[in-house]
Amino acid sequence: MRKFKTFTGKPAVLDRVNVDTDQIIPKQFLKRIEKSGYGQFLFFDWRFDDQGKENKEFELNKPQAQGANILVTGPNFGCGSSREHAPWALKDYGIDCIIAPSFADIFYNNCLKNGILVIKLPEEVIKDLMQRANASDYQLTVNLSEQEISDGQGFNYPFDFDPYWKEMLMNGWDEISLTLKHEDAILRYEETSGVL
Amino acid sequence: MAKTIIDKIWEKHTVVKEEGKPDLLYIDLHLLHEVTSPQAFEGLREKNRTVRRPELCFATMDHAIPTANRMVIQDSIAKKQVETLEKNCREFGIRLQDLNSEDQGIVHVIGPELGLTLPGKTIVCGDSHTSTHGAFGALAFGIGTSEVEHVLATQTLWQSKPKSLQVRISGKLGFGVTAKDIILALIAKYGVGLGTGYIIEFTGDTIRSLTMEERMTICNMSIEAGAKAGLISPDEVTFDYIKGRKYAPHGTEFEQKVEEWKALATDSGAVYDKTLELNAQEIEPMITWGTNPSMGVGVSQSVPSPGQFESESDQKAVGQALTYMGLEAGTEMTDIEIDRVFIGSCTNSRISDLRAAAKIVQGKKVHPRVTAIVVPGSQRVKRLAEQEGLDRIFIEAGFEWRDSGCSMCLGMNPDIVPSGERCASTSNRNFEGRQGKGARTHLVSPPMAAAAAVSGKFVDVRTFEERGAYYAEV
Ligand code: SF4
């Protein structure tokens, strides 16, 4: 995984609640055995109409959302299926950071494992951010090391973040190699617990 | 100190514990299927890693396979996925239930029925409905593909311990009300986020009175309540179900295990982080009207209007849901006409579900407008149903009788609900497009789905059954 650095980016607003992984990436695209190339299918049924034409009304198709790498959205984002294709699609589309009042548990973990920064902020703060983000050329700076986001125009907000995941993301570590350093402990567990 | 079953399983499986970090948990059973595993095996290969404990892995194919003519997979991408699973299992030495296997079925149906799912185990699968296995007093949860790779390589997972939530359900269930209605009523009452950040333990006299298959239906949908996992302390009902199953312990080993399992149940006086209550007596047969599982009401109610909801965002979501579902606020649930019926999925495709549905349709015909299919959860369930003659009842009524698989629960195979059509489904998710683009899903119990198939619209299964009996007499 690459190291997570402070970055400034453009937020897109998806003001919806309980957005589920069936919407993020519909099931017809889960049959592939690769990890890449899912960005084109992100929010497929919302983004495109029956003829495959862009749906102009959909939030991410609006002019101000073009080139966005931050997604600001409503509570319980990513609920439903455990498909990691959802963060793969977001990442491939260009999203590096998602800000929401709350996330579904499996989705949240899946994002972290793919180097997507998932930030929880109170609902009022998100509402404020959504208002601000509608302005054209709006930019947001995400600083993981200081655990803070700001727009340089008065919006400045700290966020909580799991210290374990902070370290993992900042260093770009591979979780499996870290775990394999505990191989002795795993083997001891297997020998004493009757697994073997 | 008095402990919950969650504490007991967690402590027993902690391999590494360090301050300020998640715990490293040992995984006893890793279930795999074709959709969420290929990239994990590929990851192992890229790094020259192996599967640490192939004997603790168990694979099946269920999501993308056809149920009408299972040996011919028309979709070349799905075919490749199935072949990839075969190849991976062969290469890494993992047991696989392929399409020829008599034990094949939906992953959450076969784990329990083969006796792989046991009390006290930690069980994971790259599938959110892994919570199903919690019905046995196991700690079972869904994981993503990166975690599948992690478990394959290390047989462990880093996990921060979630908080504990007791959901106590008490009172006698009314006639015609099922386990499916309990869980739909719970989510309708408290919302799809009720379990976020928690592991749920379901307790109370109602839960104790349920069969294992009913308990599985409830735990299956704990993920729809946002919970990490849902479980039930094991008891005699659990042990009786496990006894004699293919991979379960046998003889004196079984007796010893039962003693161990008895000690797993939550101690009296154990403290939960939160408790929610539900009175079973108040539950009616449920039907969802919207696009998430909390958007449901009792069969005697009508479709709500956005104005009935407090927050602005809920009002907007309800409005969007009604538009998608093609429903008008105020419509009686029993006035909604349907086009399709799907009896299947890991929520409701076990033998008791098929028996309950067959009882309703026996001697009747599927409404001419309705296309109805029954998809048993496993080939075992299918064989058992055929021995009992349930297949004849369904076929004579006009249902299609299929091979096992996930089928129309998510429509990754050819079983898709066409756009705009309305389906009474015994599955667990009514998300937009879940059963097909533009498909309108109403979640119900198997008897409610069966009654809807016959009537062509939703009916109250409680009065329907009474009338059915009356007609039989005269
Ligand atoms: S039946 Fe449906 S919910 Fe269950 S595992 Fe299959 S696709 Fe998932």
Side-chain angles (χ1 to χ4, degrees), chain A residues 15-18 20-23 26-35 44-46 50 74-76 79-88 102-107 109-114 123 162-165 167 174-180 182-183 185-186 188-190 193 195-196, chain B residues 12 15-16 20-22 24 26 28 35-36 38-39 42 47 49 52-53 56 63-64 75 77-78 80-81 84 126-128 130 141-147 149-150 153-156 158 160 162 192-193 196-197 226-228 292 313-314 316-317 320 410-412 419 429 431-434 437:
Chain A
D15 186 7
R16 302 192 188 213
V17 297
N18 300 322
D20 57 75
T21 51
D22 278 78
Q23 302 317 321
K27 47 101 213 288
Q28 62 267 36
F29 307 115
L30 309 185
K31 294 173 198 160
R32 303 166 74 245
I33 56 169
E34 297 83 19
K35 239 183 189 182
F44 193 84
D45 290 347
W46 285 344
D50 291 340
N76 199 27
C79 59
S81 136
S82 66
R83 57 188 72 160
E84 201 158 310
H85 312 69
W88 294 337
S102 60
F103 294 89
D105 182 73
I106 303 177
F107 175 81
N109 278 314
N110 282 344
C111 282
L112 293 172
K113 309 223 160 177
N114 288 281
E123 206 150 354
D162 183 295
Y164 170 79
W165 274 107
E167 200 182 359
D174 167 40
E175 206 184 13
I176 294 179
S177 13
L178 284 189
T179 309
L180 288 173
H182 294 283
E183 209 171 343
I186 300 173
R188 225 175 305 125
Y189 177 90
E190 289 175 327
S193 68
V195 177
L196 293 187
Chain B
K12 169 138 197 301
V15 178
V16 176
K21 284 193 178 166
L24 188 65
Y26 198 81
D28 294 323
V35 177
T36 53
Q39 295 86 355
E42 201 46 44
K47 298 244 162 74
R49 289 176 174 142
R52 181 177 179 84
R53 296 287 167 218
L56 301 183
H63 279 67
D75 179 340
I77 313 176
K80 183 154 181 220
Q81 202 172 50
T84 304
D127 195 283
S128 57
T130 309
F141 52 92
I143 56 178
T145 298
S146 296
E147 291 171 309
E149 185 179 336
H150 192 279
T154 70
Q155 204 55 38
T156 61
W158 295 100
S160 302
V192 286
T196 306
K228 172 89 183 176
N292 76 45
S313 53
D314 277 348
K316 193 173 151 202
Q320 276 167 355
L410 91 165
M412 269 187 78
S419 185
R429 282 192 180 136
F431 297 156
E432 281 185 26
R434 171 82 176 176
K437 188 172 183 185

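Chain identifiers are assigned alphabetically (A, B, ...) following the order of the sequence lines, protein sequences preceding nucleic acid strands; residue numbering begins at 1 within each chain.
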Check your understanding: Which one of B:Ala153, B:Gly411, B:Ser160, B:Pro22 has the most heavy-atom pairs closer than 4.5 Å to chain A?
Key -> B:Pro22
Check your understanding: Can you tell which of B:Ser419, B:Ala78, B:Ala317 has the highest number of heavy-atom pairs within less than 4.5 Å of chain A?
Key -> B:Ala78
Check your understanding: Does some side-chain heavy atom of B:Glu432 sit less than 4.5 Å from a side-chain heavy atom of A:Asp22?
Key -> no
Practice item. Would you mind reporting whether B:Arg52 and A:Glu190 have side-chain heavy atoms less than 4.5 Å apart? Key: yes
Considering only heavy atoms, which portion of [X] lies under 4.5 Å from any heavy atom of chain B: side chain, backbone, both, or neither?
X: A:Ala185; answer: both
X: A:Asp162; answer: side chain
X: A:Ser177; answer: both
X: A:Asp15; answer: both
X: A:Pro163; answer: side chain
X: A:Gln28; answer: neither
X: A:Phe44; answer: neither

Would you name the heavy atoms of [X] and [Y] that are closest together and state the gap between them?
X: A:Ile186; Y: B:Tyr26; answer: CG2-CE1, 4.0 Å
X: A:Asn114; Y: B:Ser146; answer: ND2-OG, 4.2 Å
X: A:Ser82; Y: B:Ser128; answer: OG-N, 3.5 Å

Practice item. Not counting sequence neighbours, which residues clear side chain to side chain contact (heavy atoms under 4.5 Å, CB included) with A:Lys35? List them please. Key: A:Trp88, B:Gln39, B:Glu149
Check your understanding: Residues in side chain to side chain contact (heavy atoms under 4.5 Å, CB included) with A:Asp105, at least two apart?
Key -> A:Asn109, B:Lys228
Measure the spacing between [atom1] of [X] and [atom2] of [Y] and express it to the nearest 0.5 Å.
X: B:His150; Y: A:Leu180; atom1: NE2; atom2: CG; value: 7.5 Å
X: A:Asn18; Y: B:Asp314; atom1: CG; atom2: CG; value: 8.0 Å
X: A:Ser81; Y: B:Phe431; atom1: OG; atom2: CZ; value: 8.5 Å
X: B:Asp75; Y: A:Lys31; atom1: CG; atom2: NZ; value: 4.0 Å
X: A:Tyr189; Y: B:Lys12; atom1: OH; atom2: NZ; value: 4.5 Å
X: A:Ile106; Y: B:Ile143; atom1: CD1; atom2: CD1; value: 9.0 Å

Point to revise | Residue B:Arg429 versus chain A: region with a heavy atom under 4.5 Å | key: side chain
Practice item. Below 4.5 Å from any heavy atom of chain A, which atoms of B:Val35 appear? Answer side chain, backbone, both or neither. Key: both
Review point. Between B:Trp158 and A:Tyr164, how do the two ring planes meet: parallel, tilted or perpendicular, split at 30° and 60°?
Key: tilted
Review point. So, B:Gln81 side chain and A:Leu30 main chain: donor-acceptor pair closer than 3.5 Å or not?
Key: yes
Exercise for review: Decide yes or no on side chain to side chain donor-acceptor pair (under 3.5 Å) for B:Thr36 and A:Glu84, but give the supporting numbers first.
Suggested key: CA-CA 8 Å; B:Thr36 53; A:Glu84 201 158 310; over 6 Å; no
Point to revise | B:Arg434/A:Asp20 ion pair, N-O < 4.0 Å | key: no
